[in-house]
Amino acid sequence: MSLLPSATVAEIARYDGQTVTLAGWVANKTEKGKLIFLRLRDGSGAIQCVVFKKNVPEATFAAAQQLTLESSCRVSGAVRADARAPGGYELDVSALEVVQVPAQEYPIQPKEHGTEFLMEHRHLWVRSAKQHALLRIRAEVIAAAQEWLNSQGFVRYDTPILTPVAAEGTTNLFATEYFDLGPAYLAQTGQLYVESGMMSFGKVYCFGPTFRAEKSKTRRHLTEFWMIEPEVAFATHEDNLVLQENFVSAIVQRCLERRAEDLKVLERDTATLERCLPPFPRISYDDALALIEQNQGQVEAATPIPWGEDLGAPHETLIASKFDKPVFVEKYPAAVKAFYMEPDPARPEVALCADLLAPEGYGEIIGGSQRIHDAALLEQRLREHGLPVESYQWYLDLRRYGSVPHSGFGMGIERCTAWIAGTHHIRETIPFPRMLYRIYP
RNA sequence: UCCCCGAUAGCUCAACGGUAGAGCGGCUGACUGUUAAUCAGUAGGUUCCAGGUUCGAAUCCUGGUCGGGGAGCCA
């Protein structure tokens with residue numbers, strides 16, 4: 001015997017006139033004497049179920065009266081199109097099987113709550129309509145990203161989460177003891193490892209959680225976030241930018257196609273998303289400095305900076321505000337960037353790198369570069385950054401045996417989702433966000 | 001690590017040194033079209049913690065705890 005429903009709310013229209021059994025949770029209930037309205041949520045959507053006292057046995061009506069918010073139940077009845085019902089269809093209930101009525105009142109009410117309260121109840125909050133829509137969009141972003149790369153001939157190549165050394169510096173790492181082999185660190189990128197796969201398969205990507213012990217307390221930061229990192233052999237910096245704009249556009253367009261309902265729930269203005277088609281505008285770091293100079297005062301704290309200094313968050317906001325599509329900022333001073341970035345042959349003081357800034361102030365969603373493919377230069381950079389060259393021998397090997405120019409990038413799933421969904425804070429784009437002052441639940 | 005803000009009923013908040021309050025939610029009752037229903041009734045408090053000032057502290061002061069926003073850094 002199965003307890004599975006015979007239909008889902010998402011496909012209710014095809015059952016018009018038929019009797020079906022739905023299974024789910026009570027999202028809302030209104031009693032009106034001999035009439036009870038239940039809004040039933042089944043994971044695929046929500047539908048209004050109507051219980052008339054005269055249409056059901058006394059015990060069934062009594063059971064319906066007992067239901068409270070988030071009670072679980074199985075409901076049978078005839079599907080009927082009704083203009084009065086939200087969603088266009090409702091269920092005329094003929095039978096009701098209560099699975100559980102909570103002993104205590106469900107904490108989250110259909111009204112305003114504070115952030116702290118909601119975060120404390122994150123395990124329940126994910127049932128709410130807005131969170132449901134947001135997490136569905138996250139799932140779509142992930143599926144779209146992987147399926148698009150697969151369709152382009154990429155091979156998924158999983159990189160380790162426990163690593164012996166730091167890729168981008170040592171201060172922002174979570175450490176743990178690894179048996180008798182000393183400290184191990186949670187990966188803050190899969191990039192170095194994925195480069196080995198690039199030499200094996202040509203086009204690869206890794207996808208998984210990454211960890212940064214940064215004491216960041218902003219709406220753009222999590223200590224644990226998910227990143228997808230493609231890497232391509234023989235790809236130059238230029239090729240890399242083309243790949244990124246095609247990749248991001250494909251993800252956005254797929255969300256527009258398949259998650260229109262969820263974007264509507266979130267009241268997302270989709271106009272800027274629809275414009276998100278290649279090519280994306282590109283400006284150099286030098287142009288960015290000029291742009292900041294010309295527009296000072298427009299964004300608070302976006303004050304002019306001397307050449308060689310990295311852009312801050314307010315600067316990125318100002319730059320992004322000048323474009324109606326994602327914009328690449330390329331060729332940063334090599335000194336402020338990671339050790340593995342290839343210098344521009346025409347101007348060795350800048351790196352062949354780019355950040356992709358999302359429109360509307362959602363910040364940097366991609367960071368990428370062409371990688372150094374010369375073993376001697378790479379080793380020199382390791383030394384300049386004070387990194388232990390012995391630990392990077394395997395990484396240097398990649399440049400000793402058939403080295404080729406290659407490029408890649410990393411896209412943050414949460415930041416990308418926050419932008420597409422139009423959510424202010426990225427903590428809502430992952431089921432259980434990990435932040436500086438929160439690890440529960 | 002630094003700067004700013006906050007903590008009062010289950011939730012969202014008010015109470016300007018002088019009796020601890022409202023709305024929502026809960027519970028009880030009424031209602032055949034509700035969409036976060038409406039109406040009537042009802043229960044519900046260690047005002048984050050510790051100390052201080054004062055005749056008197058939710059309110060002022062000091063320290064702490066927890067949380068929120070931002071910076072730096074990054075995706």
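By convention in this document, chain letters (A, B, ...) are assigned in the order of the sequence lines, proteins followed by strands, and residues within each chain are numbered from 1.
Base engagement by A:Q48 is indicated by at least one non-hydrogen atom pair under 4.0 Å involving a base atom. Residue contacts for A:G114: at a heavy-atom cut-off of 4.0 Å it reaches the sugar-phosphate backbone alone, with no base atom in range. Here A:E90 lies in heavy-atom contact (under 4.0 Å) with a base. When heavy atoms are screened at a 4.0 angstrom cut-off, A:K54 is found touching base atoms of the nucleic acid. Contacts of A:I366 with the nucleic acid, taken as non-hydrogen atoms under 4.0 Å apart, involve only primed sugar atoms and P, OP1 or OP2. Across all strands, A:D310 comes closer than 4.0 Å only to sugar-phosphate atoms, never to a base (heavy-atom distances). Counting non-hydrogen atoms under 4.0 angstrom, A:Q109 reaches a base of the nucleic acid.
Less than 6.0 angstrom separates the ring centroid of A:Y392 from the ring centroid of A:F339. In this structure, A:F409 has its ring center closer than 6.0 angstrom to the ring center of A:F247.
Between A:N28 and B:A37, a side-chain N or O to OP1/OP2 separation shorter than 4.0 Å is present. Taking 4.0 angstrom as the limit, A:K32 places a side-chain polar atom (N or O) nearer than this to OP1 or OP2 of B:G33.
The base of B:C74 does not come close enough to the side chain of A:S216 for any donor and acceptor atom to sit less than 3.5 Å apart.
For A:R415, the side-chain hydrogen bond (donor to acceptor under 3.5 Å, both in side chains) criterion is met by no residue, not counting sequence neighbours.
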List the atom pairs, with distances to 0.1 Å, where a side-chain N or O of residues 53-64 of chain A and a protein N or O form a donor-acceptor pair under 3.5 Å, not counting sequence neighbours.
none

Please set out all donor-acceptor pairs under 3.5 angstrom arising from side-chain atoms of residues 93-101 of chain A, sequence neighbours excluded.
from	atom 1	to	atom 2	distance (Å)
A:S94	OG	A:S76	O	3.4
A:E97	OE1	A:R74	NH1	3.0

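Atoms CD1 (A:I420) and P (B:A75) sit 18 Å apart, rounded to a whole Å. Going from atom CD of A:E112 over to atom C1' of B:U12 covers 8 Å, rounded to whole Å. Rounded to an integer number of Å, the gap from OH of A:Y332 to P of B:A75 is 10 Å. The distance from atom NE2 of A:H221 to atom C1' of B:G72 is 9 Å, rounded to the nearest whole Å. With rounding to whole Å, A:L311 atom CG is found 14 Å from B:A71 atom P.
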Distances for protein N/O vs nucleotides 38-43 of chain B N/O pairs under 3.5 angstrom?
none

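Listed for the A:R41 side chain is no donor-acceptor partner under 3.5 Å among the backbone atoms of A:G43.
Under the 4.5 Å side-chain criterion, counting only non-hydrogen atoms from C-beta, A:L289 is not in contact with A:D286.
Taking the P atoms as reference points, B:U42 lies 15 Å from B:C24, given to the whole Å. Between the P atoms of B:G23 and B:C49, the separation comes to 26 Å (whole Å). Using atom P as the reference point in both B:U34 and B:C27, the two lie 23 Å apart (nearest Å). B:G6 sits 15 Å from B:A14 when the C1' atoms are compared, rounded to a whole Å. Between B:G18 and B:G56, the distance separating the two P atoms is 14 Å to the nearest Å.
Salt-bridge annotation for A:R371 and A:E231: present, with a side-chain N of the basic residue lying under 4.0 Å from a carboxylate O of the acidic one. The pair A:E414-A:R138 meets the salt-bridge criterion, since a charged nitrogen lies less than 4.0 angstrom from a carboxylate oxygen.
The listed nucleotides are B:C11, B:A71, B:U34; the one nearest the side chain of A:K111 is B:C11. Checking B:C74, B:G33, B:C11 against the side-chain heavy atoms of A:F37 singles out B:G33 as nearest.
The ring pair (Phe, Tyr, Trp, His ring centres under 6.0 Å) analysis of residues 66-120 of chain A, with sequence neighbours excluded, yields the pairs A:H113-A:F117, A:F117-A:H121.
Look at A:F225 and the base of B:A75; the rings stack, centres closer than 5.5 Å and planes less than 30° apart.
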*Which nucleotides of nucleotides 65-70 of chain B have their base under 4.0 Å from a protein heavy atom (B), which only their sugar-phosphate (S), and which neither (-), written as one string 5' to 3'?*
--SBBB
